[in-house]
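Data first, discussion second: the structure below is written as structure tokens.
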Amino acid sequence: MKGTARTVFSGTEAEDFGVEILGVIPGFPGPRQSAIIAKLSGANAERTGVFAGMSGSPVFIDGKLVGAIAFSFPFSKEPIAGITPIKQMIDLFNKGSENENLKPSEPRAVSFSQLASTEWKPSLPKPAVSSVSLFSPVAANSPLMPLLGQQMTPIATPLVFSGISQETLAMFAPQLVASGLLPVSGAGGSAAITPLASSDEKTFPVGSSISVQLVRGDYSLAAAGTVTLRDGDRIYAFGHPFLSLGTSDMPMTECSVVTVIPNVNNSFKLAVPGKMVGSISQDRASGIFGLLKQAPKMIPVKINLHTSRDKTETYSYEIANDSFLTPLLLNITVFNTITSSERALGDSTISMKGEIKVKGQDTIQIDRRFSSQNSAIMAAGSIAAPVSSLLASGFDDVQLGGITLDISSSDTKYAGTLERIALDRTEVRRGEKVEIQAYVRTESGRQFVQRIPVQIPADATPGQLLVFVGDGGALQEGSPAKSFVPQDLSQLVRAINTSQEERSPVRQTVSDHKRGGHRHQ
């Protein structure tokens, strides 16, 4: 059985190529699902093979749409692909649109150490369809090891980074590759921040290129694929999940193709995002689903970087609003902003001030300083961590209104070690003040004393009081309370603001009388 498929190899016009149906694999990629196996033909298809960005290319037999090209066999000598039946795509998204009234999620426990952390680690969702072998996994040194090459996997989605350095990309690429994304640095155009453009019957014809934007502005991150079907204002594409985000809200833009790069390992499409015409609202096992004439809610970010050479550079961009993606995108862009003008390794000091606006809540104030050999990594992580806590809190009304940062950097390390502390007296009354002398020694050997007044609570329990002196992380390690479940969003915002206070050293007194029920900070 033979048919035709459509995709864009160059420019914006889709081209036809041949498809020969070889058979059907039931139960792949999941139960009650199936994949159609086909061999591609034609000059372009034979030159490039199955390439990253071909995902969603519609397949027609006798003029009827049967599905979307979505899977490939790595290292195959011939252009053989897997096709997701169109019925699976339509049925899944129709079910999703009927069940959008989901039960509100419950608040989740929040770690105090996470709120003030500088070591945020990305936790992208695992794709519903990953590198699924047609054979059972085998142990090392097994005689079945040679069969492990017989796999059918989702076609990689080329994620084009513009404005991101190779060093930054190399640091975050493993997490992106594990989610089925193919990072392509500098091989695509940037995407300006533009309002929603109008669309008509010529917008997104079947087989045309489509781009999903994660970041736009001075930085651009966009994933390219192919439109499978347009039904009114409803757009179906990819034929396999993008990131398996489920309900999502990302810009959907038109896209032009510079060319397709033939590659022995993985051919890929070089694409340039165009005008935004709608939003991607679903990202599920059988593809992505979007709506025309609907604008997504993006998070504006503005960074003023004051360099060690007394220059100020301003970066403005928008990032997608998603509990998984937003912290990662912030981590990538903040780190790249610092390292684009300052050193990435070696001693440096970075001061960061700014604010995170949360709709209907107090503004989260940022005031942090880092002085170490990896200050840039720590500074980026300190922004990603509280944003991750907000978006993953379980509250349905979390809306970030914008993030503004003022970052100052110098190539000198300013750090010291707290060697000892002393008190001006050991007996005090409730409501009085006691002075703490903190003796600090720098790496050069110079010693100085910081005097810290501490107010004793008027309702303090009589008895012995323990005084802890240190930074927020050290104090949290000594605290019996490691996490809490916020009752509402405002309580979480207050906790984040408390953890973000940068007072060096931070002070805390804890009652040790009987149950030690009183704490003062």
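Every value quoted in this text rests on a predicted model; they were computed, and no experiment measured them.
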Check the pair E254, I210 against side-chain contact (heavy atoms from CB on, under 4.5 Å), reporting the backbone distance first and the verdict last. CA-CA 5 Å; E254 294 180 320; I210 184 173; over 6 Å; no
Roughly how far, to the nearest 0.5 Å, is the CZ atom of R494 from the CG atom of D362? 8.0 Å
Quick note, salt bridge (charged side-chain N to carboxylate O under 4.0 Å, His left out) partners involving residues 292-301, not counting sequence neighbours, are none
Could you measure the distance from the CG atom of L391 to the CZ atom of F324? Nearest 0.5 Å is fine. 11.0 Å
Aromatic plane relationship, F238 with H240 - under 30° parallel, 30 to 60° tilted, over 60° perpendicular: tilted
Donor-acceptor contact below 3.5 Å, side chain S375 vs main chain S348: yes
Within a strict 4.5 Å, meaning less than it, do heavy atoms of the I350 and R369 side chains meet? no
Indicate yes or no: at least one non-hydrogen side-chain atom of M298 is less than 4.5 angstrom from one of P251. yes
Where do I303 and V301 come nearest, in terms of heavy atoms and distance? CG1-CG1, 4.1 Å
Which pair of heavy atoms, one from S372 and one from M378, lies closest together, and at what distance? OG-SD, 3.3 Å
Do the side chains of Y219 and I164 get nearer than 4.5 Å, heavy atoms only? yes
Whether over 12 other heavy atoms sit under 6.0 Å from E427 CD: no
With the side chain counted from C-beta on, respond yes when R441 and L418 share a heavy-atom pair under 4.5 Å apart, and no when they do not. no
Atom of D218, atom of S316 and distance for their closest heavy-atom approach: OD2-N, 2.8 Å
Can you tell me if R425 has over 12 outside heavy atoms packed within less than 6.0 Å of its CZ? yes
Ignoring hydrogens and geometry beyond distance, is a side-chain donor-acceptor pair present between D249 and N321 at under 3.5 Å? no
State whether a side-chain donor-acceptor pair under 3.5 Å links S209 with K269. yes
To the closest 0.5 Å, what do you measure between CD1 (I299) and CD (E318)? 10.0 Å
Report the distance from atom CZ of F268 to atom CG of L159, rounding to the nearest 0.5 Å. 13.0 Å
Between the side chains of Y315 and E313, is a donor N or O closer than 3.5 angstrom to an acceptor N or O? yes
Atom CD in Q361, atom CD1 in I496: separation rounded to 0.5 Å? 10.5 Å
Name the residue from T326, I319, L325 that meets the side-chain contact (heavy atoms from CB on, under 4.5 Å) definition with L214. L325
Closest heavy-atom contact between Q294 and L196? N-CD2, 3.8 Å
Between T363 and I356, the two heavy atoms sitting closest are CG2-O, 3.6 Å
How close do R430 and I456 get, counting heavy atoms only, and between which atoms? CA-CG2, 4.2 Å
Does any non-hydrogen side-chain atom of E419 lie less than 4.5 Å from one of V440? no
Looking at OG of S409 and CG of L305, how far apart are the two atoms once the value is rounded to the nearest 0.5 Å? 7.0 Å
Start with the C-alpha gap between I403 and V387, add the side-chain angles, then the distance that decides, and say whether side-chain contact (heavy atoms from CB on, under 4.5 Å) holds. CA-CA 10 Å; I403 300 172; V387 170; 4.2 Å; yes
M250 vs F242 side-chain heavy atoms within contact, under 4.5 Å: yes
Using a 3.5 Å distance criterion without hydrogens, assess whether the side chain of N374 forms a donor-acceptor pair with backbone atoms of I377. no
Between N304 and T312, does a side chain to side chain donor-acceptor pair (under 3.5 Å) hold up when you go through it step by step? CA-CA 7 Å; N304 298 310; T312 300; over 6 Å; no
Please assess S248 against D283 for the test side chain to side chain donor-acceptor pair (under 3.5 Å), listing each intermediate value before the final yes or no. CA-CA 7 Å; S248 58; D283 173 19; 5.7 Å; no
Can you confirm whether the side chains of Q455 and E432 place a donor and an acceptor under 3.5 Å from each other? no
Sequence neighbours left out, what passes side chain to side chain donor-acceptor pair (under 3.5 Å) with Q487? Give chain and number order. none
As a quick check of understanding, evaluate side-chain contact (heavy atoms from CB on, under 4.5 Å) for Q213 and L221, giving each step before the final call. CA-CA 6 Å; Q213 289 186 306; L221 277 72; over 6 Å; no
For A384, is there any backbone N or O sitting under 3.5 Å from a side-chain donor or acceptor partner on S388? no
Ion pair present between K302 and E355, side-chain N to carboxylate O less than 4.0 angstrom? no
Verdict with supporting geometry, S220 and Y317, side chain to side chain donor-acceptor pair (under 3.5 Å): CA-CA 8 Å; S220 177; Y317 55 96; over 6 Å; no
Could you tell me if the side chain of F289 sits less than 4.5 Å from the side chain of S281, heavy atoms only? yes
Does the side-chain contact (heavy atoms from CB on, under 4.5 Å) test come out yes or no for M352 and D406, once each step is laid out? CA-CA 6 Å; M352 180 180 295; D406 279 281; over 6 Å; no
Is the backbone of G163 close enough, under 3.5 Å, to the side chain of N336 for a donor and an acceptor to pair up by distance? yes
Do L390 and I364 touch side chain to side chain, with heavy atoms closer than 4.5 Å? yes
